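One structure below.
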2 protein chains.
Amino acid sequence: MRSEDLAKLIGVSRSTITRVINNYPDIPQATRDKVLKAIEEYNYAPNASARKLAGATNKMIAIIVLDVKDDGVTHHVKTTDDTLIYNNPFFSPVINAVSDQANKMDYYALISIAYSKEDLKKVESIFNQKMIEGAIFVGTQEAENELIFKLIKQNHKIALIDTNEIYSKKHDAIYINPDNFEGSVKAINYLVELGHKNIGIITGNLNKLSAQERLDGFKETLSRHGLVLNCDHFYHGDFTENSGYDGVNHILRAHSKPTAIFVSNDTMAIGAYKAIAEIGLKIPEDISIIGFDNSFISSYLTPPLTTVDISFADIAKRATTLLIDSVENNKKVGIVEKIHATLIERESCKRIN
Amino acid sequence: MRSEDLAKLIGVSRSTITRVINNYPDIPQATRDKVLKAIEEYNYAPNASARKLAGATNKMIAIIVLDVKDDGVTHHVKTTDDTLIYNNPFFSPVINAVSDQANKMDYYALISIAYSKEDLKKVESIFNQKMIEGAIFVGTQEAENELIFKLIKQNHKIALIDTNEIYSKKHDAIYINPDNFEGSVKAINYLVELGHKNIGIITGNLNKLSAQERLDGFKETLSRHGLVLNCDHFYHGDFTENSGYDGVNHILRAHSKPTAIFVSNDTMAIGAYKAIAEIGLKIPEDISIIGFDNSFISSYLTPPLTTVDISFADIAKRATTLLIDSVENNKKVGIVEKIHATLIERESCKRIN
DNA sequence: CTGAAAGCGCTTACAG
DNA sequence: CTGAAAGCGCTTACAG
């Protein structure tokens, strides 16, 4: 059914149909009602392509997940093996939250997952084809910066979630990141409050902003409490399960052992749990472990892992809201926001004072 | 950049541009090369809306996730609480796999998650607006049947994943389900091979096809081995963690206890683990547990859960492939397929012979 | 082999 | 307040 058909059926012009659908003023209530009734009755919906071509918005945004393995460096939200990320604990809530928030704001969400530089061309083509009004990028690494900056320069509306680097207002984009620093502060304050004075850390790969921020929060909080970090209790991991495992073996081989270890993400905490079990130690009796991310599995570990929740769903929602706002108001954007982190207290930390 | 601009730039007509893009025959290689080079150079991509409006395909399918809570009955793939399903162990791999397979076949995927009957109208409007060439539905319940049948009758291409009922070739749609029966057979054969003769079962809600099929496979395999099901060892659960917990408490209160319990999904197995721990029993020393679904957390349970893997990624890929095939060949479809289930042997079952 | 032109179904100034 | 008409950027018969 075309608007023309509907128009004939009820004796108005196509223009009138369009006008009531698009909420033009100055239409008598009677006309409006008649049209609305007919729309309902005949199940009419304007052809999306025709609308878009004629200049209206198609109310479509894209959520673009980048999992491009280009440099051998594993991003902490990505899997380490070559299997595709069909159930990635980080991407999934983001995808769902973006889609959900978009729907709430009466938008549609296109999803595109790029695994290779080849796929990146397809991503670019989504913009060139004018399929969307804006896009949210997740999982960005260095490799994609060039493309993203180019898109921003072309005036496309872009929101970036959890970017490794924050480019602040230099670029007209929306940057939403978790407050990693705050998360670490909360974690360490909690451990100190429990009486821990000897706290070790397994970091993520420190060329990642998130890893660095988590380390910064850790260090600052330690020194605020007058505590020092024993060098033997520092392990530079890379956000993988294996590095959590290795980190524990490294730290617990030191002469003086810490009473708690801050593990910079939950994935590494899994490895840490394994190593601790193998050494024959008990959590939290012999050593307290605190994680980061509040990933899906953390509550299923034994014992359930105390961790820092950075709600990627909240981050995704906020990014979506800001993106659609900027699309609708066609305003220039240079937004940087951090989303609060909260401590999730479970059973992997013991009070020792 | 429009095709006309490009055309002028290299001295051909718009038609020629279109023809090389759409791979028309009878274009001299020289012309083709010239156009291709210009497309590359100027980053030209045909406007998606214009293409679609002019009659070409927009290569877009939708993945529609239904999580409509209408009847108080919890579908086994849905969460039991009211929080949105941002990390559902079932939906996420489906979404990712559909998107991935679509991209591989050079299609785009729109994602829409419906939580209410209100949202269902938006879903219908996606079809009415002609935004897509076809759609894959996941999580269907009775409530949506009416809409889906209507869409099928309107000749929309539809694939249904894990439908509660299979409507066979009565409806021109694609039905892809896991082979639940086969999965149960494999699980029980495995337990029998380990020497178990006394096997209990916690079922899902039996108005669900999947629950019934899993039960059927269980019963048939038992009787094929000349084993009987003690009525006290049967518990009618509903696929929720709580019912797994209740199921164990019910079954282990019987006079004669089983040596193994077949728990019809991993979510219930989590509850079962809890109940068993509370009773003071050890898995698998005191009782063997086998699950179903191979959900994300199953390998993180203690001990890691032996379970049946029904790859929803495979199901989703197959559905996507068949859907796009049917879109491209515009063929009538009435396809019903089952995807193999495989046993994932971990550490929750003990050999007792 | 290739260009000119109609047409896809809307939206939006422009008239009235 | 509302209709007629141009135009959005393609695709596809139709000519040549």
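All values reported here derive from a predicted model rather than from experimental measurement. Labels below follow one simple rule: chain letters A, B, ... track the order of the sequence lines, proteins then strands, and each chain is numbered from 1.
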Strictly below 4.0 Å, N to O, side chains only: are A:Glu133 and A:Lys157 in salt-bridge contact? no

Closest to the B:Ala56 side chain: C:dC10, D:dT11, D:dT2? D:dT11

Given D:dC14, C:dA13, C:dC10, which nucleotide is nearest the side-chain atoms of A:Tyr44? C:dC10

Any side-chain donor-acceptor pair under 3.5 Å between B:Glu144 and B:Thr140? no

Is the shortest side-chain N to carboxylate O distance from A:Asp5 to A:Arg2 below 4.0 Å? yes

Between D:dT11, C:dG9, D:dT12, which nucleotide gets closest to the side-chain atoms of B:Arg14? D:dT11

D:dT12, C:dC1, D:dC10: which one has an atom nearest the side-chain heavy atoms of B:Tyr24? D:dT12

When pairs are called at under 3.5 Å and a stem needs at least three consecutive Watson-Crick or G-U pairs, the stems of DNA chain C are C:1-3 with D:14-16, C:5-12 with D:5-12, C:14-16 with D:1-3

Quick check for you: among C:dT2, C:dG3, C:dG9, whose closest atom lies nearest to any side-chain atom of B:Thr31? C:dT2

Which nucleotide, D:dG3, D:dG9, C:dC10, lies nearest any side-chain atom of A:Ser15? D:dG3

Looking at the side chain of A:Ala54, which of D:dG3, C:dG7, C:dT11 is the nearest nucleotide? C:dT11

Have a look at A:Ser3 and say if it touches a base, only the backbone sugar-phosphate, or nothing, with a 4.0 Å heavy-atom cut-off. sugar-phosphate

Start with the C-alpha gap between B:Met105 and B:Asp325, add the side-chain angles, then the distance that decides, and say whether side-chain contact (heavy atoms from CB on, under 4.5 Å) holds. CA-CA 10 Å; B:Met105 296 175 80; B:Asp325 277 353; 3.9 Å; yes

Any idea which of D:dT11, D:dG9, C:dT11 is nearest the B:Arg51 side chain? D:dT11

